[in-house]
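Encoded as structure tokens, the structure appears first; notes follow it.
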Amino acid sequence: YWQTYDIFVAMTLAAAATKKIKVGTGVSLVIERNPIFLAKEIATLDLLSKGRFIFGIGAGWIEAEMADHGVVYRTRFQLLKEQIRAIKEIWTADEAEFHGKFVNFDKMKAFPKPYQKPHPPIIMGGAGEKAIECAAELCDGWAPWGMQWTKAKEAIPELRKQAAADGRDPNLLEISVFEKSIPDKKTMEEMEIAGVKRIIVTILGQSREQALPTLDFLGKINR
């Protein structure tokens, strides 16, 4: 899903109508939202879905859109990092407090807490250098939106290298890839060797008549 302000309502409905399937954002433009409200929405959704939420994030790329939300394009990743740190604080502390250059709030309480502990997985959806840097430093995984596998394969070692430099275990980062169709066997073997844990098959801009047969097909594969 791309960022919309009713997306969490839609995902709550999807979670209520299912029992096993995971729901997630791919990607949520965090910098265009209030981190306190966003933390509350996600915690509630994660609780209602009993831990089936995946928080896919990104910093975006449309400068005019960011400006409408009071975000400066040049410092968007600085803002994103502070927001993610603040959201983690809200999720994990009984009394959360955060003071940064872009995000500031005094002690506050926010409940419920997420179902998943310490919090839902945060997956970076960006494909650029700053996105990889953010994923290595603060996130639980990387799922580069719109990046061809040949380029993603080359970037994964750099992601792991940066994570290790930040004092993190690079093997704990979950790698996912977006694909327009199910890759062939050879490509999937390459992905597995590279450490890819999830293939997300996208259905873009299709009508109901086109999309439903694809969803039925994917559902059968997943059984």
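With hydrogens and angles ignored, the 3.5 Å screen pairs no side-chain donor or acceptor of Arg76 with any backbone N or O of Trp61.
For Ala127, the side chain to side chain contact (heavy atoms under 4.5 Å, CB included) partners at least two apart in sequence or on another chain are Pro144, Met147. In this structure, Glu192 has no side-chain hydrogen bond (donor to acceptor under 3.5 Å, both in side chains) partners at least two apart in sequence or on a different chain. Asp68 pairs by the side-chain hydrogen bond (donor to acceptor under 3.5 Å, both in side chains) definition with nothing, not counting sequence neighbours. In this structure, the side chain to side chain contact (heavy atoms under 4.5 Å, CB included) partners of Gln148, at least two apart in sequence or on a different chain, are Thr150. Checked against side chain to side chain contact (heavy atoms under 4.5 Å, CB included), Ala165 has no partners two or more places apart in sequence or in another chain. A search for side chain to side chain contact (heavy atoms under 4.5 Å, CB included) contacts involving Glu190 returns Trp149, Lys153, Lys186, not counting sequence neighbours.
Applying the under-4.5 Å side-chain rule to Ile, Leu, Val, Met, Phe, Trp and Tyr, the cluster around Tyr115 extends to Leu47. Cluster partners of Ile54 are Ile123, counting Ile, Leu, Val, Met, Phe, Trp and Tyr whose side-chain heavy atoms approach within less than 4.5 Å, directly or via other members.
A salt bridge (Lys or Arg N to Asp or Glu O under 4.0 Å) check over residues 98-121, counting only residues at least two apart or in different chains, returns nothing. For residues 196-211, every residue pair satisfying the salt bridge (Lys or Arg N to Asp or Glu O under 4.0 Å) rule, not counting sequence neighbours, is listed here: Glu174-Arg198. Screening residues 46-58 for side chain to side chain donor-acceptor pair (under 3.5 Å) gives Thr18-Arg52, Asp46-Gln116 as the qualifying pairs, with residues at least two apart or on separate chains.
Using the six-membered ring where Trp is involved, Phe178 and Trp145 have ring planes that are perpendicular, over 60° apart on the 30 and 60° scheme.
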Residues 84-95, side-chain donor-acceptor partners within the protein, below 3.5 Å, at least two apart:
{"residue": "Arg85", "atom": "NH2", "partner": "Glu137", "partner atom": "OE2", "Å": "2.5"}
{"residue": "Lys88", "atom": "NZ", "partner": "Leu138", "partner atom": "O", "Å": "2.6"}
{"residue": "Trp91", "atom": "NE1", "partner": "Ala39", "partner atom": "O", "Å": "3.0"}
{"residue": "Thr92", "atom": "OG1", "partner": "Lys88", "partner atom": "O", "Å": "2.7"}

